[in-house]
Amino acid sequence: MDVPGDPKTGQPSAEEEGTTTTWLRKHRHLYTAATRHPLILSIRDGTVDLDSFRRWLGQDYLFVRAFTAFLSSVLMKAWKQSGDESSDLEVLLGGLSALRDEIAWFQEEATRWGIGLSGIVPREITRGYIRFLEELMKPDMEYATVATALWAIETVYQQSFAFCLEEGSAIRPELVGACERWGNNAFGQYCHELQRIADCQLTKASKDDLERAESAFLRVLEHEVKFWEMCHEDL
Ligand SMILES: Cc1ncc(CNC=O)c(N)n1
């Protein structure tokens, strides 16, 4: 979408701003809690407790397997609802194919850390997040809602890990791979595409649809905060 923005500041004006940007501002506090969690800050400054990282690796592997099914369900809705002229299918298919590499990365990483993934039991917080994904996979969940949730899930990881790689970080060498996986620019570009997809659907949404999508956005942020918390505090 080509928006001219305010000629003085270069910022999009309020009417031109996408709904997701409005929600990011409105819920800035919770968004920051999800993207600047103490666990992320400790990865960034090198003080991270490696047991937290190991917990994260095992639990996130389980999450990502469920997330693959969720992304497939979004793809199915995109095919039905996005319109033939849109590029949504291609964007989502790119995401699915990246997940194949990601799952392989988890398996290699687990071997490197001496973690057996087949023995990992999902913790309560992981189960809660996966249950939420299952709700979103139901056929009656609108494409606008699930596209918003997908954008939020990916963006929290992108913003968190990109922050770990920014200037001034003192990240441990064995954690650089994880940070680069989600903090890299190509993944950032993918998140922008997801944002464009969500915003496009939200412009067509009814008032009720918008409420459901905003609530899904908030629930993603809450689950993400709890997920970091679980790994950090051994919950
Ligand atoms: C808990 C959580 N949230 C988001 C992501 C990023 N998406 C796919 O990898 C993830 N891996 N885990």
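Keep in mind that the numbers below use all heavy atoms, side chains included, and drop hydrogens, waters and symmetry copies.
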Under the side chain to side chain contact (heavy atoms under 4.5 Å, CB included) criterion, do Phe163 and Thr35 qualify, and how do the steps go?
CA-CA 8 Å; Phe163 182 62; Thr35 53; over 6 Å; no
Close side-chain approach of Thr20 and Thr155, heavy atoms under 4.5 Å:
no
So CG of Asp208 and CD of Glu142: to nearest 0.5 Å the spacing works out to 9.0 Å
So CH2 of Trp56 and OG1 of Thr126: to nearest 0.5 Å the spacing works out to 12.0 Å
Output for pair (Leu175 CG, Ile43 CD1), nearest 0.5 Å, gives 6.0 Å
Would you check, one step at a time, whether the test side chain to side chain contact (heavy atoms under 4.5 Å, CB included) holds for Arg54 with Asp51? CA-CA 5 Å; Arg54 296 165 65 91; Asp51 283 340; 3.8 Å; yes
Original post:
Around Arg65, counting heavy atoms of other residues, nucleotides and ligands shown, do more than 12 lie under 6.0 Å from its CZ?
Top reply: no
Q. Does the side chain of Arg181 come within less than 4.5 Å of Phe106's, by heavy atoms?
A. no
By side-chain contact (heavy atoms from CB on, under 4.5 Å), Glu90 pairs with (sequence neighbours left out) Ser87
Distance col, row Ser73:OG vs Glu134:CD, nearest 0.5 angstrom, shows 10.5 Å
Salt bridge (charged side-chain N to carboxylate O under 4.0 Å, His left out) with Glu214: of Lys26, Lys207, Arg219, only one passes, and it is Lys26
Answer yes or no: is there an ion pair linking Asp199 with Arg196, defined by an N-O contact shorter than 4.0 Å?
no
| query | Going by an N to O cut-off under 4.0 Å, is there a salt bridge joining Arg127 and Glu124? | reply | yes
If you define the side chain from C-beta out and look only at heavy atoms, does anything of Leu150 sit under 4.5 Å from Leu71? yes
On a heavy-atom basis, the closest approach of Ala147 and Ile197 is CB-CG2, 4.2 Å
Output for pair (Leu57 CG, Ile115 CD1), nearest 0.5 Å, gives 5.0 Å
The ring-ring contact (aromatic ring centres under 6.0 Å, His included) partners of Tyr190 (sequence neighbours excluded) come to Phe187
**Asked** Does some side-chain heavy atom of Phe70 sit less than 4.5 Å from a side-chain heavy atom of Leu136?
**Response** yes
- Message: Test salt bridge (Lys or Arg N to Asp or Glu O under 4.0 Å) on Lys226 and Glu229; report intermediate values, then the result.
- Response: CA-CA 5 Å; Lys226 280 200 268 179; Glu229 207 65 17; over 6 Å; no
> So Leu39 and Phe53, side chain to side chain contact (heavy atoms under 4.5 Å, CB included) or not? Walk me through it.
Replying inline: CA-CA 9 Å; Leu39 176 57; Phe53 182 78; over 6 Å; no
Rounded to the nearest 0.5 Å, the CZ atom of Phe227 sits from the CD atom of Gln59 at a distance of 6.0 Å
> Would you call Met141 and Lys77 a side-chain contact if the rule is heavy atoms closer than 4.5 Å?
Replying inline: yes
Residues Ile171 and Cys179: closest non-hydrogen pair is CD1-SG, 3.2 Å
Applied to residues 133-153, the ring pair (Phe, Tyr, Trp, His ring centres under 6.0 Å) test, sequence neighbours excluded, yields Trp151-Phe217
Please tell me if the side chains of Asp60 and Val64 come closer than 4.5 Å, counting only heavy atoms from C-beta onward.
yes
Do Thr47 and Asp45 pair up side chain to side chain, a donor and an acceptor below 3.5 Å, judged on atom types alone?
yes
Does the Thr148 side chain pair with the main chain of Ala144, one donor and one acceptor, at a distance under 3.5 Å? yes
Heavy atoms of Arg123 and Leu235 approach each other most closely as NH1-O, 2.8 Å
- prompt: So do Leu218 and Leu30 actually touch side chain to side chain, heavy atoms under 4.5 Å?
  reply: yes
Nearest heavy-atom contact between Ala213 and Thr145 is N-OG1, 3.9 Å
#### Entry: Flag if over 12 foreign heavy atoms under 6.0 Å of CE, Met76
no
>> Evaluate Asp88 against Trp79 for side chain to side chain contact (heavy atoms under 4.5 Å, CB included), listing each step before the verdict.
In response: CA-CA 8 Å; Asp88 295 14; Trp79 170 65; over 6 Å; no
Residues at least two apart in sequence or cross-chain that pass side chain to side chain donor-acceptor pair (under 3.5 Å) with His232, listed by chain then number, are none
For Gly58 and Leu117, the nearest pair of non-hydrogen atoms, with its separation, is CA-CD2, 4.3 Å
For Tyr157, the ring-ring contact (aromatic ring centres under 6.0 Å, His included) test, sequence neighbours excluded, returns Phe161, Trp182, Trp228
Scanning both residues in full, the closest heavy-atom pair of Ala149 with Ala216 reads CB-CB, 4.5 Å
Q.
Side chains of Tyr31 and Gln159, heavy atoms from C-beta outward: is any pair under 4.5 Å?
A. yes
Chi angles and distances behind the salt bridge (Lys or Arg N to Asp or Glu O under 4.0 Å) call for Arg25, Glu17: CA-CA 11 Å; Arg25 208 182 18 255; Glu17 176 180 290; 2.8 Å; yes
For residues 91-102, the side chain to side chain donor-acceptor pair (under 3.5 Å) pairs (sequence neighbours left out) are none
